[in-house]
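In what follows, a structure is listed as structure tokens, so that the remarks can point back to it.
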Amino acid sequence: MSAPAPTPIPLTTVAELRQHHSQLVRLGLASHPAHARRLLSFLARDPDAHFPYAARLLAHHPDPHPALFNPLFPALPPRHAARLLALMLSLPLAPDHFTFPRVLPAAAPLHLVSQLHALLLKLGFRAHTQSLNALLAAYLANARPDLAFRAFRGGGCALDVVSWTTMVGGLCRLGLVDAAREVFDAMPERNLVSWNAMMSGYVRAGRFLDALEVFDEMRARGVDGNGFVAATAAVACTGASALARGREVHRWVERSGIRMDERLATAVVDMYCKCGCVEEARRVFEALPAKGLTSWNCMIGGLAVHGRGEDALELFGRMEREGVAPDDVTLVNVLAACAHAGMVGEGRRCFDHIVRRYGIEPKMEHYGCMVDLYGRAGRLGEAKKVIDDMPMEPDVGVLGALFGACRIHGDVELGEAIGWRVIELDPQNSGRYVLLANLLATAGRWEDVARVRRLMDERNVSKEAGRSAIEVDGEVCEFQCGSLCHPQAEEVYAMARDMMRRIGAEGYVPDTRDVLHDIAEEEKETPLLYHSEKLAIAFGLLRTRPGDTMRITKNLRVCRDCHEATKFVSRVFEREIVVRDRNRFHHFKDGKCSCKDYW
């Protein structure tokens with residue numbers, strides 16, 4: 001009768017492992033697969049220190065088997081994985097079908113992947129699908145799509161849907177989205193992972209409408225989606241500012257019975273917030289049976305960018321009462337809510353409260369929010385003090401917040417000093433140069449303005465063109481400042497001129513302070529007419545009726561003239577106009593803006 005096995009004890013140190021191992025040897029149980037795997041798993045936690053011990057244990061095992069080696073490969077860094085495979089081959093012990101799929105993900109360096117590829121072919125695993133798939137993933141992880149394609153094309157009948165999907169996803173991660181689409185279109189069969197890989201690739205590349213095209217194709221083929229596909233589609237709608245499509249995706253989720261988990265819920269809430277429908281976002285949020293931290297953060301952040309600071313703080317308080325602890329993102333969103341609403345005192349108190357109570361260590365972005373909070377309120381001295389007292393060197397984002405505040409409040413001296421620092425930290429960002437030139441222009445320092453322009457030319461920095469997109473009848477149309485390539489171009493320009501004439505008759509006066517050139521006031525009004533936002537609004541007026549809502553997305557911060565003009569347009573033409581610029585949302589209605597002219 002064999003001796004009973006010793007009761008397993010927690011293995012926390014090598015001394016405990018050696019003691020337990022000796023017991024197993026005395027009882028003749030050291031070669032038992034379950035006990036051997038337990039010993040080896042512990043040794044794999046620190047391969048640098050314990051690899052020799054593990055190697056001896058395996059080398060002296062009376063009945064070595066690949067099943068002892070295979071579970072260790074994923075836990076080991078590449079060089080140790082290679083040493084373990086070499087030991088396995090020296091016994092000699094041939095790998096089985098589970099070996100290469102386990103060892104290849106660990107083999108990060110390209111030279112090791114190539115060696116394993118050669119070994120794989122030598123040992124006759126060319127037609128083994130799982131080994132081939134691991135090889136494709138390893139080549140793509142090493143940014144070698146050429147070698148991945150070579151292995152892929154030689155795969156023949158070993159290729160399965162995972163092989164094709166691995167190529168699509170890997171190529172997308174490398175930014176080769178068009179090559180990925182060619183592979184995707186050639187797939188003999190697709191699963192939901194395949195569809196989502198292609199959609200996600202387009203989203204990652206900023207090609208949101210292409211992602212929605214793939215989503216439409218999937219639905220047209222009668223493929224049932226899941227939460228991952230739905231979340232990607234919602235993110236694509238967010239990026240494209242396509243509210244109608246976003247609502248369609250949300251309805252599809254509800255009709256399909258797809259469970260609204262936290263990831264999908266966050267994507268839908270974020271979509272509604274960033275498409276200008278914060279109330280719809282709130283309804284989705286409130287309907288969630290369980291709200292995770294990500295969902296709370298998303299909703300608080302959505303209220304923040306819509307300028308609803310009090311609502312954001314009320315929701316944060318409710319989050320605390322429900323026992324959800326905030327994180328770094330929560331702190332950023334709460335501070336942003338206070339900054340956009342001009343709630344300086346509340347912002348300071350929230351910063352101190354969250355940092356002190358929850359032990360959150362303030363990071364660069366949190367100090368940037370504090371600078372923004374004080375800067376927007378015109379308290380530039382306090383904003384500068386935050387920068388001076390920071391425990392780290394301020395980055396371009398923090399300095400940029402103070403720089404922008406100097407421009408808003410006309411502090412030329414401080415703004416110029418900060419502006420040159422910002423330009424040197426971010427020399428290819430055209431907006432930094434334009435902001436400094438505009439600041440200097442307000443002081444009439446035209447020689448310095450010319451100096452900024454010359455520096456832009458010397459560094460080949462081009463001014464970023466203003467672009468505005470508007471969604472009408474489910475179609476997204478984009479307009480660019482000073483340029484209009486549109487089938488209704490003549491009608492849009494005519495409407496823009498008529499629009500400016502009518503609001504001028506109601507008291508609108510062009511604000512030419514943001515026009516850079518030192519020219520006569522009357523001449524300055526012409527370029528203002530062709531700002532992208534005004535062209536988008538003119539197009540919207542052609543396609544909507546009084547009482548309708550127009551939704552516009554801008555790539556830049558709304559200028560003072562467009563802000564003032566849009567207030568007049570909302571009253572004169574009886575439209576609600578929702579504008580999402582680089583920083584926040586503006587809701588224009590009846591001649592007023594939700595920001596209350598604080599932005």
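This structure is a prediction, so every number in the text was calculated from the model and none was measured.
Ion pairing between a basic and an acidic side chain is recognised when a charged N comes within 4.0 Å of a carboxylate O; R181 and E217 show such pairing. The pair R557-D581 does not count as a salt bridge, with every side-chain nitrogen at least 4.0 angstrom from each carboxylate oxygen. For R283 and E279, the salt-bridge test fails: no basic side-chain N is under 4.0 Å from an acidic carboxylate O. Using a cut-off of 4.0 Å between Lys/Arg side-chain N and Asp/Glu carboxylate O, E213 and R207 are scored as not salt-bridged. With respect to the salt-bridge test (charged N to carboxylate O, under 4.0 angstrom), the residues E464 and R582 qualify. A salt bridge is absent between R454 and D457; no separation between the charged side-chain nitrogens and carboxylate oxygens falls under 4.0 Å. Ion pairing between a basic and an acidic side chain is recognised when a charged N comes within 4.0 Å of a carboxylate O; R545 and E574 show no such pairing. Between R575 and D548 no salt bridge is recorded (no basic side-chain N to carboxylate O distance below 4.0 Å). The residues R445 and E416 are annotated as salt-bridged, a charged nitrogen and a carboxylate oxygen being separated by less than 4.0 angstrom. Taking 4.0 Å as the cut-off between side-chain N and carboxylate O, R560 and E564 do not count as a salt-bridged pair. Between E248 and R219, at least one side-chain nitrogen of the basic residue sits less than 4.0 Å from a carboxylate oxygen of the acidic one, meeting the salt-bridge criterion.
Heavy-atom neighbours of K291 NZ from other residues, nucleotides or ligands within 6.0 Å: above the threshold of 12.
Inter-residue side-chain proximity for K592 and H587 is flagged as unmet; no heavy-atom pair is nearer than 4.5 Å. With a 4.5 Å cut-off on side-chain heavy atoms, M456 and P427 do not count as touching. Contact annotation: the side chain of Y508 approaches that of M500 to within less than 4.5 Å [non-hydrogen atoms, C-beta and beyond].
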Q: Test salt bridge (charged side-chain N to carboxylate O under 4.0 Å, His left out) on E382 and R376 and set out the steps.
A: CA-CA 11 Å; E382 290 168 272; R376 287 176 188 270; over 6 Å; no
(Q) Between R407 and N438, is the side chain to side chain contact (heavy atoms under 4.5 Å, CB included) condition met? List the steps. (A) CA-CA 8 Å; R407 170 71 182 97; N438 281 338; 3.4 Å; yes
Q.
One pair to check against salt bridge (charged side-chain N to carboxylate O under 4.0 Å, His left out): D448 and R453. What are the steps and the verdict?
A. CA-CA 9 Å; D448 291 323; R453 291 179 188 157; over 6 Å; no
Q | Stepwise side-chain hydrogen bond (donor to acceptor under 3.5 Å, both in side chains) test for N297 and T330 | A | CA-CA 5 Å; N297 283 343; T330 317; 2.5 Å; yes
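Side-chain atoms of H409 do not come within 3.5 Å of backbone N or O of C406 as any donor-acceptor pair. In this structure, the side chain of H306 engages the main chain of C273 through a donor-acceptor pair within 3.5 Å. Between the side chain of S570 and the main chain of K567, a donor-acceptor pair closer than 3.5 Å is present. The main-chain N or O of Y367 is never found under 3.5 Å from a side-chain atom of D372 such that the two would form a donor-acceptor pair. Remark: the backbone N or O of D561 is not paired with any side-chain donor or acceptor of D511 at under 3.5 angstrom. For the pair H563 (side chain) and D597 (backbone), a donor-acceptor distance under 3.5 Å is absent.
In summary, the aromatic rings of Y202 and F208 are positioned with their centroids too far apart to meet the 6.0 Å limit.
Note on ring orientation: taking the six-membered ring where Trp is involved, the planes of F285 and W296 are perpendicular (angle over 60°, cut-offs 30° and 60°).
Cation-pi geometry between R451 and W420 is met: the NZ or CZ atom falls under 6.0 Å from the ring centre, inside 45° of the normal. In this structure, R502 is positioned above the aromatic face of F573, its NZ or CZ under 6.0 Å from the six-membered ring centre and within 45° of the axis.
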